[in-house]
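Within every chain, numbering begins at 1; the chains are lettered A, B, ... in the order of the sequence lines, protein sequences first and strands thereafter.
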2 protein chains.
Amino acid sequence: MKVKRTLQDVEKKIIAFFLKNGRMPSYSEITEIIGVRSKSVAHFWVAKLLDAGVLQKDAKGFLTLTRNPRALKLAGEVCAGFPASAEEEIRDIVSFDEYLVRNPESSFLLSVTGDSMIDAGIREKDIVIVETKKEPGDGDIVLAEVDGNWTMKYFCRKGKTVTLEAANPKYSPIIPRADLRIAGVITAVIRKYHK
Amino acid sequence: MKVKRTLQDVEKKIIAFFLKNGRMPSYSEITEIIGVRSKSVAHFWVAKLLDAGVLQKDAKGFLTLTRNPRALKLAGEVCAGFPASAEEEIRDIVSFDEYLVRNPESSFLLSVTGDSMIDAGIREKDIVIVETKKEPGDGDIVLAEVDGNWTMKYFCRKGKTVTLEAANPKYSPIIPRADLRIAGVITAVIRKYHK
DNA sequence: TTGACAATAGAACGATCGTTCTATATCATA
DNA sequence: TATGATATAGAACGATCGTTCTATTGTCAA
């Protein structure tokens with residue numbers, strides 16, 4: 001039972017190791033995961049992957065993946081003709097952790113309850129990212145305390161007066177008393193189907 | 001000018017190194033980044049961080065971070081009283097890359113155009129994750145070809161008949177002809193404010 | 001069959017790894 | 001000031017690192 005080793009096989013196994021262990025394998029470990037008995041064979045294949053641009057070496061000579069294996073392709077805005085022809089034009093990749101969160105230390109997540117922002121496309125059970133330590137501006141969606149409860153509202157500033165408005169005609173605008181408490185600004189909304 | 005070194009300082013510098021380089025520093029590198037001249041000092045502080053549970057060692061003895069430094073706290077669903085009292089109850093952290101994408105290889109991103117799913121809370125310029133190689137079920141939102149254009153619709157199966165319905169009264173339900181083409185199932189919606 | 005090339009094995013090299021030791025310097029508190 | 005705890009320095013250890021070498025095996029085309 002002879003197995004032909006291909007460049008893609010080796011790449012997949014190294015990426016699998018990275019995803020599982022959170023770090024790149026050493027040459028000894030590559031020797032194990034590709035199923036050979038000599039480190040020089042691992043070196044042989046890694047040299048090929050370096051040549052192919054799949055792997056890189058950082059300033060200290062450590063192996064790194066050229067691309068984040070969890071990143072996704074971002075198709076263009078124009079859907080027409082997709083996906084038959086667009087396979088080539090697809091580009092721009094994103095790591096959500098970096099894309100969505102600017103300041104991890106001053107941010108937290110909140111599972112949405114209620115329908116106060118339904119017309120802004122924020123629905124029950126959505127997850128929002130709330131960034132504290134961020135000054136709310138006119139039109140921002142904020143997490144604010146209203147009547148002793150925390151809720152999401154549009155932050156509307158007209159001159160010196162501030163009003164909190166829901167994105168739902170059910171609720172009336174609120175002109176807060178002196179003790180306006182704002183926990184943070186909503187910087188992103190995430191909704192996941194198929195839990 | 002004497003600087004007092006604290007456990008938090010060392011932790012921050014190690015996390016900063018990890019975020020910048022995508023890997024954990026060696027003891028020699030820790031020696032550099034915390035500004036001392038002996039590896040044993042790095043070992044001294046790492047031992048403290050291991051003791052404090054900030055760092056771990058994996059099966060092979062490599063240092064790893066106990067928690068993903070990009071992960072965010074998830075506040076409970078009940079907002080009442082937040083955030084004064086909830087600081088202690090906050091738990092459950094998430095890495096979006098892992099949370100949102102199950103199969104990176106068969107998924108891609110799409111910037112939404114049009115308003116066909118507005119009543120489902122999917123708006124123009126939102127980003128959706130489309131998973132190909134996933135069988136659509138009744139009620140799923142799919143990316144489908146309608147009249148030569150790709151658009152998002154509810155996938156509705158009643159017995160053997162399939163209809164595509166928009167979440168917008170402007171558009172009528174569609175009973176597709178034989179050549180129903182579905183690119184994939186929408187598994188998540190992402191909206192980011194404050195680009 | 002033969003020759004050329006690709007792939008694997010195994011051994012060896014210096015360099016760096018993580019660890020551990022002793023010794024010194026600094027600080028807080030009695 | 002004296003004392004113990006904390007923090008830093010420096011040297012040394014075996015183990016593993018990445019690299020490089022020679023030698024052998026396997027594959028495919030001439």
### Query
Got a sec, which pairs hit side chain to side chain donor-acceptor pair (under 3.5 Å) with one end in residues 31-46 of chain B, sequence neighbours left out?
Ser38(B)-Ser40(B)

### Task
Output every pair passing side chain to side chain donor-acceptor pair (under 3.5 Å) with a member in residues 52-63 of chain A, not counting sequence neighbours, ordered by first then second residue.
Asp58(A)-Arg23(B)

### Task
Enumerate the residues from residues 14-23 of chain A whose closest heavy atom to DNA chain C is under 4.0 Å, giving them by residue number; use none for an empty result.
none

### Query
Quick one: side-chain contact (heavy atoms from CB on, under 4.5 Å) partners of Ser26(B), sequence neighbours excluded?
Ser28(B), Glu29(B)

### Query
Tell me: CG of Leu7(B) to C1' of dA7(D), nearest whole Å?
13 Å

### Message
Could you go through Asp140(A) and Ile186(A), starting from their C-alpha distance and side-chain angles, then the distance that decides it, and tell me whether this counts as side-chain contact (heavy atoms from CB on, under 4.5 Å)?
### Response
CA-CA 7 Å; Asp140(A) 286 355; Ile186(A) 276 73; over 6 Å; no

### Task
Please state whether the phosphate of dT8(C), meaning OP1 or OP2, lies under 4.0 angstrom from any side-chain nitrogen or oxygen of Arg5(A).
yes

### Message
Taking any heavy-atom pair under 4.0 Å as a contact, classify Lys60(B): base, sugar-phosphate, or nothing.
### Response
nothing

### Contacts of type side-chain contact (heavy atoms from CB on, under 4.5 Å), residue Thr6(B), not counting sequence neighbours
Gln8(B), Asp9(B)

#### Entry: Partners passing side-chain contact (heavy atoms from CB on, under 4.5 Å) against Phe44(B) (at least two apart in sequence or in another chain)
Lys48(B)

## Note on the structure
Contacts of Asp126(B) meeting salt bridge (charged side-chain N to carboxylate O under 4.0 Å, His left out) (sequence neighbours excluded), chain-then-number -> Arg191(B)

### Query
Is the phosphate of dT8(C), meaning OP1 or OP2, less than 4.0 Å from a side-chain N or O of Arg37(A)?
no

### Query
For Asp115(A), what residues pass the side-chain contact (heavy atoms from CB on, under 4.5 Å) criterion, not counting sequence neighbours?
Ile118(A), Asn168(A), Lys170(A), Tyr171(A)

### Task
Round to the nearest Å and state the distance from Phe44(B) atom CZ to dT22(C) atom P.
17 Å

### Task
For each nucleotide in nucleotides 13-20 of chain D, reading 5' to 3', give B when a protein heavy atom comes within less than 4.0 Å of its base, S when such contact involves only the sugar-phosphate, and - otherwise.
----BBBB

